[in-house]
Amino acid sequence: TACSSKYVLSHMHPMWQEPLAIPGGDRQSPIDIVVRKSLFDPHLKPLVPAYDPQTCQQIWNNGYSFLVEYDDTTDKSTLKGGPLEDQFRLCQFHFHWGESNAWGSEHTVDRKLFPAELHIVHWNAEKYDLFEEAVMEENGLAVIGVFLKIGKRHEGLQKLVDALPAVRHKDSMVDFERFNPACLLPSNINDYWTYHGSLTTPPLTEAVTWIVMKQHIEVSHDQLAVFRSLLFTSAEEEVQKGMVNNFRVQQPLRGRPIRSSFS
Ligand SMILES: NS(=O)(=O)c1ccc(S(=O)(=O)c2ccccc2)s1
Ligand SMILES: [Zn+2]
């Protein structure tokens, strides 16, 4: 793939070697959100996530992060409103985090780094028949980003944390049921920034309407420590590598507007 999984030895050693050039790559993610350069857009609507926890299927380690995957063959779990013109289907959520609480998020706000970031991934099932199609289209995906801070224990997250030891190695998977990702959203989901960008892991396609929440959620130090107990490597590999710093380096804004739903 464009980005091999080699380590880049740098201060924050993100996970992989950056490709030299992405075809047409002037809408890459993540970015730094410069608050004073974002533009309040009064036409942005409230976001309407409607998730059915019964569509939750499994949790697995794909060697980049751990993902909780949902049945996206029906419109039972959807996202609409906000900057979106169509109705999108929930397909998975995952996180990015650091080896220390000093960094780990992919997006930053006025250069402020958070210890981790949640991504809830949806695809445009109104315009496309398959996820694989949507991934290649500019209005194909919508990802909600939520920053995590270290603080009080997140009760909703604990069910997920308790399942992580079962998916310690790359390619391990276990059933996971009745988890509603809405419990991971901040209390105020009406304050967000939105811009057009890309996937932050291969294939890095510029298919994403990003919706980054202004309000963070809190998780405990111990909960985030369990994320760091996961491994990038499969059980067979002799050298085990801890799954940390699985974030991409920030990308140039290239003049893109960042709109805010709040003034
Ligand atoms: N970090 S991120 O939210 O930008 C992201 C990266 C990859 C995905 S994907 O799982 O949708 C996907 C998409 C295409 C191929 C494989 C996985 S979402
Ligand atoms: Zn992500």
Side-chain angles (χ1 to χ4, degrees), residues 1-3 5 14-16 18-19 22-23 25 27-31 33 49 55-73 77-79 84 88-98 103-108 113-125 128-148 160 167 170-171 173 176 181 184-185 192-213 216-217 224 227 230 232 243-251 256:
T1 59
C3 344
S5 58
M15 191 166 85
W16 48 76
E18 281 297 317
I22 313 276
R27 290 190 2 183
Q28 290 291 293
S29 294
I31 59 167
I33 296 168
T55 58
C56 189
Q57 289 183 321
Q58 65 269 342
I59 182 169
W60 68 294
N61 176 334
N62 72 346
Y64 284 120
S65 179
F66 64 90
L67 323 182
V68 178
E69 290 191 320
Y70 287 77
D71 167 20
D72 61 358
T73 57
S77 290
T78 59
L79 175 68
L84 306 173
F88 287 65
R89 262 184 213 164
L90 169 68
C91 70
Q92 56 103 325
F93 71 81
H94 62 274
F95 296 81
H96 302 264
W97 60 91
W103 65 78
S105 62
E106 295 211 304
H107 290 90
T108 50
L113 288 154
F114 293 82
E117 185 172 334
L118 159 66
H119 289 159
I120 309 177
V121 184
H122 314 75
W123 59 278
N124 189 335
Y128 308 107
D129 297 329
L130 291 171
F131 170 78
E132 287 72 13
E133 269 178 71
V135 165
M136 304 311 290
E137 303 293 336
E138 102 166 86
N139 60 352
L141 299 178
V143 182
I144 296 176
V146 183
F147 295 116
L148 276 63
L160 193 52
V167 292
K170 178 181 175 192
D171 298 331
M173 180 179 287
F176 195 63
L184 298 176
L185 291 173
Y192 58 81
W193 294 280
T194 182
Y195 77 99
H196 278 101
S198 74
L199 297 172
T200 65
T201 64
L204 300 172
T205 47
E206 296 176 343
V208 184
T209 298
W210 279 97
I211 301 165
V212 180
M213 291 293 142
H216 62 269
I217 60 170
L224 197 54
F227 284 24
L230 295 175
F232 279 131
M243 184 180 274
V244 292
N245 301 326
N246 57 354
F247 54 84
R248 188 187 191 195
V249 291
Q250 306 222 312
Q251 303 297 309
R256 285 174 279 175

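Counting starts at 1 for both ligands and their atoms, following the listed order. No hydrogens, no waters, no symmetry mates; every other heavy atom, side chains included, goes into these values. These figures come from a predicted structure and were not determined experimentally.
Summary of contacts: the protein heavy atom closest to atom 15 (C) of ligand 1 is Pro203 CD, 3.5 Å. Looking at atom 9 (S) of ligand 1, its nearest protein heavy atom turns out to be Gln92 NE2, 3.6 Å. Regarding atom 12 (C) of ligand 1, its nearest protein heavy-atom neighbour is Phe131 CZ, 3.8 Å. Of all protein heavy atoms, the one closest to atom 4 (O) of ligand 1 is Thr200 N, 2.9 Å. Leu199 CD2, 3.8 Å is the protein heavy atom nearest to atom 8 (C) of ligand 1.
Within the listing of ligand 1, atoms 1 (N) sit less than 4.0 angstrom from a heavy atom of His96. The ligand atoms of ligand 1 that sit less than 4.0 angstrom from a heavy atom of Trp210 are 3 (O), 4 (O).
The side-chain heavy atoms of Thr78 and Leu90, taken from C-beta on, include no pair separated by under 4.5 Å.
Between Val121 and the options Gln92, Glu69, Arg89, a side-chain contact (heavy atoms from CB on, under 4.5 Å) holds for only Gln92.
No heavy atom of Phe247 sits closer than 4.0 Å to any atom of ligand 1. Distances from ligand 1 to the non-hydrogen atoms of Trp123 include no value under 4.0 Å.
Ring geometry, Tyr70 versus Phe93: the interplanar angle falls from 30° to 60°, so the pair is classed tilted.
Judged by distance alone, the side chains of Glu106 and His96 do bring a donor and an acceptor atom under 3.5 Å apart. For the residue pair Trp210/Thr194, the side-chain donor-acceptor check at 3.5 Å is not satisfied. With 3.5 Å as the limit, one finds no donor-acceptor pair spanning the side chains of Ser29 and Thr200. Looking only at atom types and distance, the side chain of Arg248 has a donor-acceptor partner in the side chain of Gln28 under 3.5 Å away. At a cut-off of 3.5 Å, with distance as the only test, no side-chain donor of His196 or Glu206 sits close to an acceptor on the other residue. The closest side-chain donor-acceptor pair between Trp97 and Asn245, if any, does not fall under 3.5 angstrom.
In terms of N/O distances under 3.5 Å, ligand 1 is not approached by Thr201. Checked against a 3.5 angstrom limit, the closest N/O atoms of His94 and ligand 1 fall inside it.
When you scan the N, O or S atoms of His119 for the one nearest the Zn ion (ligand 2), you land on ND1.
Within 4.0 Å of atom 17 (C) of ligand 1, not a single protein heavy atom is present.
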